[in-house]
Student: 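Encoded as structure tokens, here's the structure I'll be asking about.
Model, not experiment: these values are computed from the prediction. Here is how names work: the chains are called A, B, and so on, in the same order as the sequence lines, proteins then strands, and each is numbered from 1.
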Amino acid sequence: MRGKKIPKKLILPLCALFWLLVWQFASMRIGEEILLVSPLAAGARFIELIAAPVFWLTAGFSLTRIMGGFLIALAVGGGLAALAYRFGAVTHLLSPLFSAVKSVPVASYTILCLIFLNTGSLALMIAFLMTLPIVYETLLEGLRQTDKRLLEMAKIFRISRLCRLRYIYAAQILPYLTSVIGVGVGIAWKSGVAAEVIGLPRGAIGTRLYEAKITLDMRSLFAWTVAVMLLCYLLEKLIRLLVKRAARVLERG
Amino acid sequence: MNDIVLANIDKSFGDKRVLTGVTHTFAAGGVHGVMGPSGCGKTTLLNILLGLLPPDAGTVAGVNPNALGAVFQEDRLCERASVGANIRMAAPAFREDGALRPLLAEMGLEAKTPVFELSGGMKRRVALLRALAAPSELIIMDEPFTGLDEGLKQTAAACIRRRQGGRTLIVVTHSKNDLSLLGGSLSLSLPGCFTTG
């Protein structure tokens, strides 16, 4: 006889609970909080952190720069993808540039940027540079997959550029945009925080992580990591929701 | 509005010769049937008339590329947009859904419904209305009644006749009955083709 199925909405929380238990068990087994802090201790420190105004200032500092970089990459990458779709020569022109951008390590960029920029703008620039090629390539692929039969229809009926953009390209690009938000927000946070750890701008999450490392404050290190994960998750959901809503309003007309 | 004159149209795809020396005149303002079995080049000929395909040889005269309407073999609708938006994008003179209501009522459609929620037959009716609503001198219809049952065919044909408004209508169909529903007659039977209905 087959057992009862677990309800779908319980699967993810149960899996998360399983890994928290593994973490708790590993921490208890090692028995040294300085090596591996327990999830309970990290959670308690996280609650302490969010109760303090400095947490929100720190999170706000990193958030505005990292998400600013990603949103600029979305705009610039989208614009370049549209240009490359329209003019084949742009694709060839940008190809070596983006190949180079993709292969250079975050650390090299960070050090280079520190020569030209102040540390406050570092995370914005790094998040922008790390996500720009992904945005460009994904959106260009989306545009290339546009239904040619719909474009023929638009040509026959002399449908305006605005309507083509609104009803044909927007619908086509939406799944690719959703996908690039999912991947891009994560990369922006990872690269942005890594840059902050190197550049140490005053009042940034990366700087807090660095301070936790040098003072061996593992509880804070884990708590800030949890904060980054939560911010990344919530912002990805928020941007996806906004994009979907905007697309729905545009398409329904 | 001019007669549409095809002169010695040839078209091949690789080694396959689809159209050979097609010469024909479609009188302005008439309802013209183009018939023949699958694969004899009917859709290719329509695509040449629409300017979507260049002929290998021959000329097409009398088609104003800025005054075309079409019902394609597939519906070619923007699935996530509403019925009203799909029609208005081709017929911007209908500034709002309210203006479209009488037209939509003839085919039993609602302006606000997103196209992806419609059945195949309803989508076909939207494609027909889009072609009728768009400003044009020539409307080309490739199997316009695909997916419509007998009752809906009658309704759609009556709507097309009412809304034709003196425009030239070229219809590809396998059925003479469909053609007579539109008040048209067989105008061009492509070489090697046979007719049914």
Side-chain angles (χ1 to χ4, degrees), chain A residues 74 78 81-82 85-86 88 135 138-182 237-253, chain B residues 43 46-53 63-97 100 110-117 123 126-127 129-142:
Chain A
L74 262 187
Y85 173 70
R86 181 74 183 79
V135 171
T138 310
L139 296 187
L140 180 57
E141 183 55 27
L143 287 170
R144 283 179 174 157
Q145 297 300 322
T146 306
D147 189 342
K148 300 285 179 290
R149 294 171 311 167
L150 281 183
L151 294 175
E152 283 179 357
M153 178 279 291
K155 183 184 165 196
I156 297 299
F157 285 106
R158 305 161 302 284
I159 290 172
S160 68
R161 274 167 198 254
L162 192 67
C163 279
R164 286 179 206 209
L165 197 67
R166 185 174 169 184
Y167 296 115
I168 299 176
Y169 290 113
Q172 177 61 42
I173 214 81
L174 183 64
Y176 291 86
L177 190 58
T178 311
S179 147
V180 92
I181 289 167
K237 294 278 172 210
L238 177 71
I239 298 174
R240 277 193 196 206
L241 184 76
L242 291 174
V243 165
K244 273 192 178 168
R245 289 236 169 126
R248 202 174 300 157
V249 170
L250 270 178
E251 288 169 348
R252 293 287 157 89
Chain B
T43 300
L46 295 195
N47 283 334
I48 289 172
L49 280 165
L50 288 168
L52 296 174
L53 274 179
V63 176
N64 177 358
N66 294 316
L68 286 171
V71 178
F72 301 91
Q73 219 167 30
E74 327 80 19
D75 299 315
R76 302 198 189 188
L77 299 169
C78 298
E79 290 280 325
R80 299 196 63 82
S82 68
V83 169
N86 265 281
I87 296 173
R88 277 189 283 111
M89 70 177 84
F94 294 90
R95 286 179 187 277
E96 53 191 39
D97 286 346
L100 276 174
E110 288 284 336
K112 296 278 181 212
T113 320
V115 164
F116 69 82
E117 288 181 7
K123 287 180 184 174
V126 178
L129 282 184
R130 179 179 61 191
L132 292 170
S136 61
E137 294 171 3
L138 167 66
I139 305 177
I140 289 177
M141 296 183 167
D142 197 350

Student: Supply the atom-to-atom distance B/Glu79 CD to A/Asp147 CG, rounded to the nearest 0.5 angstrom.
Tutor: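 One gets 10.0 Å once the value is rounded to the nearest 0.5 Å.
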Student: Tell me if a side-chain donor or acceptor on B/Arg76 pairs with a main-chain N or O of A/Arg149 at a distance below 3.5 Å.
Tutor: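 Present.
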Student: Considering non-hydrogen atoms only, spot the tightest contact between B/Gly51 and A/Lys155 and give its length.
Tutor: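 Residues B/Gly51 and A/Lys155, closest heavy atoms: O-NZ, 3.6 Å.
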Student: Measuring from A/Lys148:NZ to B/Leu52:CG, what's the distance to the nearest 0.5 Å?
Tutor: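 It comes to 14.0 Å.
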Student: Does any backbone or side-chain atom of A/Arg158 lie under 4.5 Å from a heavy atom of chain B? Answer side chain, backbone, both or neither.
Tutor: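 Only the side chain of A/Arg158 comes within 4.5 Å of chain B.
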Student: Quick check: under 4.5 Å, non-hydrogen atoms only, which of residues 66-75 of chain B neighbour chain A?
Tutor: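 So far as heavy atoms go, B/Asn66, B/Ala67, B/Leu68, B/Gly69, B/Ala70, B/Phe72, B/Glu74 are the residues that approach chain A to under 4.5 Å.
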Student: Please classify the contact between B/Pro92 and chain A as side chain, backbone, both or neither, with a heavy-atom cut-off of under 4.5 Å.
Tutor: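 For B/Pro92, neither part sits under 4.5 Å from chain A.
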Student: Quick one: pull up CG in B/Asn47 and CD1 in A/Ile156 and give me the separation to the nearest 0.5 Å.
Tutor: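 Answer for the CG-CD1 pair, B/Asn47 versus A/Ile156, is 8.0 Å.
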Student: side-chain contact (heavy atoms from CB on, under 4.5 Å) between A/Arg166 and B/Met89: does it pass, once the steps are laid out?
Tutor: CA-CA 10 Å; A/Arg166 185 174 169 184; B/Met89 70 177 84; over 6 Å; no
Student: Measuring from B/Cys78:SG to A/Tyr169:OH, what's the distance to the nearest 0.5 Å?
Tutor: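 So the SG of B/Cys78 and the OH of A/Tyr169 are separated by 11.5 Å.
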Student: Could you state the interatomic distance from OH (A/Tyr167) to CG (B/Leu77), rounded to the nearest 0.5 Å?
Tutor: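 A/Tyr167 OH to B/Leu77 CG: 13.0 Å, rounded to 0.5 Å.
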Student: Using heavy-atom distances under 4.5 Å, tell me whether B/Ile140 contacts chain A through its side chain, its backbone, both, or neither.
Tutor: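 Contact with chain A involves no heavy atom of B/Ile140 at all.
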